[in-house]
Amino acid sequence: MPERKNFIREVIDNDLKANKYEGRVQTRFPPEPNGYLHIGHAKSICLNFGLARDYKGKCNLRFDDTNPTKEEMEYVESIQEDVRWLGFEWDKLLYASDYFEQLFEYAVQLIKKGKAYVCDLNADKIREYRGTLTEPGKDSPYRNRSVEENLDLFMRMRNGEFPDGSRTLRAKIDMASPNLNMRDPVMYRILHATHHRTGDAWCIYPMYDWAHGQSDSIERITHSVCTLEFTDHRPLYDWFVEELGVYHPQQIEFARLNLTYTVMSKRKLLQLVEDGNVKGWDDPRMPTISGLRRRGYSPESIRLFADRIGVSRAESTVDVALLEDCLRDYLNKHASRVMAVLRPLKLVIENYPDGGVEELEAVNNPEDASMGTRKVPFSKVLYIEKEDFRETPPKKYFRLSPGVEVRLRYAYIIKCTGVVKDEKTDEVIEVRCTYDPETRSGLPQSSRKVKGTLHWVSAAHAVNVNVNLYDRLFNVENPGGDNWKDSINPNSLEVLKDCKAEPTLATAKPQDRFQFERMGYFCVDNDSREGSLVFNRTVTLRDTWAKIEKS
RNA sequence: UGCCCCGUGGUGUAACUGGCAACACGUCUGACUCUGGAUCAGAAGAGUUCAGGUUCGACCCCUGACGGGGCAGCCA
């Protein structure tokens, strides 16, 4: 799969030509372990690891774990699992917390240089002194402390002598800068919190803005790829490495991914989980990598997607239809075909011998002959899909109705002779038909043309399964604003009990993927077990009939 | 109203670094088909936000306007 060219690759090509980093390409994927990864992160992962792969470089996985109050081991584990599942292997597994001591020394350097100071202003005061978007800020009264005093205070901050929030270490830059990030940004805050890796070794923690650039520098990252919102921070990162006189990585920003009919911010995803709108981070309706995995997505399909959406600096929203196309592209080639009836309707073949059973041969994947064939039992009483029968067929309806002939897939051509109705509700509860023994698949007469072909399952041999039908989580393309939750799709999950599947499925294991012919692609749910099978609908097939019927 | 980023068919990206716009998704036809799937063939759809400028020539360069987005956490 040739990677598509994008502006970042052009930058790298030029750097390589100019021999800017001795021909090295070193990237990294730097998540904060404060939540599960989503499809937007997948874009970044494919980008960073893909760059390293294609330019024969290296890519680290580095956790930017600078805020112990929000980060957890659970997240660092899930992130590693997701990156691996996507098909990537990091050069080094690193943590910003590995650099806490080095970062502290760097800070001391800046203090000694007169470029950083301990500030006693509280959070409110700092905000007040910062000024506004249009007005300059003003200097902190603590801005001109002596180097000695700053050193002493900073050391005592580290030693735990001061309570949370009482002091900060700030870079001494320019309170009048039009770029707010340059108005003496906080480098360290006091936080008496236990860190998931460093425990209680520290009570001061570096801000992201202070830690991130230096971490990249320490790792000798050549191309530090990040999202657009950090563009305004780049001058600050540049200032730090220049004042420190250390290795200077090049930051390149790109637009984060937005997808229609879903939300992508960690905050909102967390809220969906906490409010019970979904059943967890890995709920198949979630755009998280673990959710997509449970839904039945393959790593290949997500990588293909990342490749097709490209990379740019223009903010955009990708149509989920593109993601689904990538999904079907993979599943069509790789998923075994089976027959399963989601909403069963009994079909009795009047002229078929009682108790007779035939083993009919069915193709496992018409796209891949090497996947072979299997036997499917056929008998007098079958189940067909409710929607495949209409007593009074609408126009262009190719399926079964009274007097009409259809093909039963891999079996015979049948003709509907009548129906049995529920006396009270008038609902059709059974369809009667006759079959033509000459038309079995493979026989000469089988070439007779009929309008439709139906899937079916032999009633006596069927295995009962439960099926989760998933639909989009939101009813609107761009769920935004304060009332984003109002557009949650109340019907995003429909649970079907006692669906009928062919016996092959009895031993299906979690994560196994199938195409239920004519119905869609399905994946065995993680909570499924033998005897109590649960399938998740990954995505429907392209359905031209659904389109016709709608209009 | 300060600074920064962005503006190409419905959507997402391209355009060999200035030679009148390509690919994919989607949409619509038709063919084929024992999945109304897949596949195949074809069509519609933008003159590149706008106005100036530079140039023989601009989506590409310059200026300005308009539109969208980001930034005032001791979050990342």
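No experiment lies behind these values; they were computed from the predicted model shown. Protein chains get the first letters and strands the later ones, always in sequence-line order, with residue 1 at the start of each.
- Atom CG of A:Asp388 is separated from atom C1' of B:U35 by 11 Å (rounded to the nearest Å).
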Grab the N/O contacts between the protein and nucleotides 40-43 of chain B below 3.5 Å, and write none if there aren't any.
none

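- Between A:Glu549 and A:Arg390, at least one side-chain nitrogen of the basic residue sits less than 4.0 Å from a carboxylate oxygen of the acidic one, meeting the salt-bridge criterion.
- Using a 30° and 60° split on the angle between ring planes, A:Trp202 and A:Phe100 fall in the perpendicular class, above 60°.
- The side chain of A:Thr66 lies closest to B:A76, out of B:C74, B:C6, B:A76.
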Summary of protein contacts for nucleotides 65-72 of chain B, nucleotide by nucleotide, where a base hit scores B, a sugar-phosphate-only hit scores S (4.0 Å, heavy atoms): ----SBBB
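- We find that A:Arg28 and A:Glu219 are not joined by a salt bridge, their nearest charged nitrogen and carboxylate oxygen being 4.0 Å or further apart.
- In this structure, of B:C74, B:G7, B:U35, it is B:U35 that holds the atom nearest to the side chain of A:Glu517.
- Look at A:Arg343 and A:Glu385 and you find no salt bridge, because none of the NZ, NE, NH1 or NH2 atoms lies under 4.0 Å from a carboxylate O.
- Regarding contacts with the backbone of B:C3, every side-chain N or O of A:Thr134 stays at 4.0 angstrom or more from both OP1 and OP2.
- The salt bridge (charged side-chain N to carboxylate O under 4.0 Å, His left out) analysis of residues 331-341 of chain A, with sequence neighbours excluded, yields the pairs A:Asp329-A:Lys333.
- In this structure, the CG atom of A:Asn258 is 17 Å from the P atom of B:C6, given to the nearest Å.
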What nitrogen or oxygen pairs link the protein and nucleotides 46-48 of chain B at under 3.5 Å?
none

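- Of the P atoms belonging to B:C59 and B:A51, the separation is 13 Å, rounded to the nearest Å.
- Side-chain N/O atoms of A:Gln515 and base N/O atoms of B:U35 include a donor-acceptor pair closer than 3.5 Å.
- Each of A:Ala411 and A:Arg189 has a nearest nucleotide on RNA chain B; the 5'-most of these lies closest to A:Ala411.
- Taking the six-membered ring for Trp, A:Phe516 and A:Phe535 have ring centres closer than 6.0 Å.
- No side-chain donor-acceptor contact under 3.5 Å links A:Gln445 and A:Tyr412.
- Relative to the side chain of A:Tyr208, the nucleotides B:A76, B:G36, B:A24 differ in distance, and B:A76 lies closest.
- Salt bridge absent: A:Arg62 and A:Asp98 never bring a charged side-chain N and a carboxylate O closer than 4.0 Å.
- Scored by the side chain to side chain contact (heavy atoms under 4.5 Å, CB included) test, A:Ser336 finds A:Met371, A:Phe514 as partners (sequence neighbours excluded).
- Judged as a side chain to side chain contact (heavy atoms under 4.5 Å, CB included), and not counting sequence neighbours, the contacts of A:Leu133 are A:Leu180.
- Here the separation of B:U27 from B:A21, taken at their P atoms, is 27 Å to the nearest Å.
- Residue A:Arg518 places at least one side-chain N or O closer than 4.0 Å to OP1 or OP2 of B:G36.
- Using a 4.0 Å cut-off between charged nitrogen and carboxylate oxygen, A:Lys375 and A:Glu359 do not count as a salt-bridge pair.
- Toward the 5' end of RNA chain B, the nearer of the two residues A:Thr168 and A:Lys451, judged by each one's closest nucleotide, is A:Lys451.
- The side chain to side chain donor-acceptor pair (under 3.5 Å) analysis of residues 254-266 of chain A, with sequence neighbours excluded, yields the pairs A:Asn34-A:Lys266, A:Glu229-A:Arg256.
- In this structure, A:Arg409 does not reach the B:U33 phosphate: none of its side-chain N or O atoms is under 4.0 Å from OP1 or OP2.
- Taking a pair as Watson-Crick or G-U with both hydrogen-bonding distances under 3.5 Å, the stems of three or more pairs touching RNA chain B are B:2-7 with B:66-71, B:10-13 with B:22-25, B:27-31 with B:39-43, B:49-53 with B:61-65.
- Cation-pi geometry between A:Arg197 and A:Tyr95 is satisfied (NZ or CZ under 6.0 Å from the ring centre, within 45° of the ring normal).
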Salt bridge (charged side-chain N to carboxylate O under 4.0 Å, His left out) between A:Lys17 and A:Asp15, intermediate numbers included: CA-CA 5 Å; A:Lys17 237 174 267 171; A:Asp15 288 348; over 6 Å; no
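- For A:Lys547 and B:C28, the shortest distance from a side-chain N or O to OP1 or OP2 is below 4.0 Å.
- Atom C1' of nucleotide B:U17 and atom NZ of A:Lys17 are separated by 10 Å, given to the nearest angstrom.
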Review item, nucleotides 9-11 of chain B N/O atoms under 3.5 Å of protein N/O:
unit_1	atom_1	unit_2	atom_2	d
B:U11	O3'	A:Thr317	O	3.2
B:U11	O2'	A:Thr317	O	3.2

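- To the nearest angstrom, P of B:G73 lies 14 Å from CG of A:Leu121.
- The base of B:U13 does not come close enough to the side chain of A:Arg308 for any donor and acceptor atom to sit less than 3.5 Å apart.
- Within the nucleic acid shown, A:Tyr205 has no heavy atom closer than 4.0 Å to any nucleic acid atom.
- If you take CG of A:Asp307 and P of B:G12, they are 18 Å apart, rounded to a whole angstrom.
- Applying a 4.0 Å cut-off to non-hydrogen atoms, the residues of residues 321-331 of chain A that approach RNA chain B are A:Ala321, A:Leu322, A:Asp325, listed by residue number.
- Atom-to-atom distance recorded for A:Ile302:CD1 and A:Cys326:SG is 10.0 Å, nearest 0.5 angstrom.
- Which of B:G12, B:C75, B:U35 sits closest to the side chain of A:Pro366 comes down to B:U35.
- Among residues at least two apart or in separate chains, salt bridge (charged side-chain N to carboxylate O under 4.0 Å, His left out) pairs with a member in residues 316-325 of chain A are A:Arg308-A:Asp325, A:Asp325-A:Arg542.
- Taking atom NZ on A:Lys43 and atom P on B:G12, their separation rounds to 11 Å, with Å as the unit.
- The cationic group of A:Lys451 does not satisfy the cation-pi geometry with A:Phe398, failing either the under 6.0 Å distance to the six-membered ring centre or the 45° limit from the ring axis.
- Evaluation of the salt bridge (charged side-chain N to carboxylate O under 4.0 Å, His left out) test over residues 435-447 of chain A, restricted to residues two or more places apart or in two chains, returns A:Glu358-A:Arg440, A:Asp436-A:Arg448.
- Here A:Thr231 does not reach the OP1 or OP2 of B:C5: none of its side-chain N or O atoms lies under 4.0 Å away.
- One can find a donor-acceptor pair under 3.5 Å joining the base of B:G36 and the side-chain atoms of A:Arg399.
- Atom CG of A:Asp184 is separated from atom P of B:C74 by 12 Å (rounded to the nearest Å).
- For the 3.5 Å distance criterion, the side chains of A:Tyr117 and A:Asp184 qualify, holding a donor opposite an acceptor.
- Rounded to whole angstrom, the span from the CZ atom of A:Phe514 across to the C1' atom of B:G37 amounts to 18 Å.
- Between A:Phe230 and A:Tyr208, the ring-plane angle classifies as tilted under the 30° and 60° cut-offs.
- The only member of A:Tyr410, A:Tyr352, A:Tyr435 that meets ring-ring contact (aromatic ring centres under 6.0 Å, His included) when paired with A:Phe378 is A:Tyr352.
- Side-chain atoms of A:Arg313 lie closest to B:C5 of the nucleotides B:G37, B:C5, B:C74.
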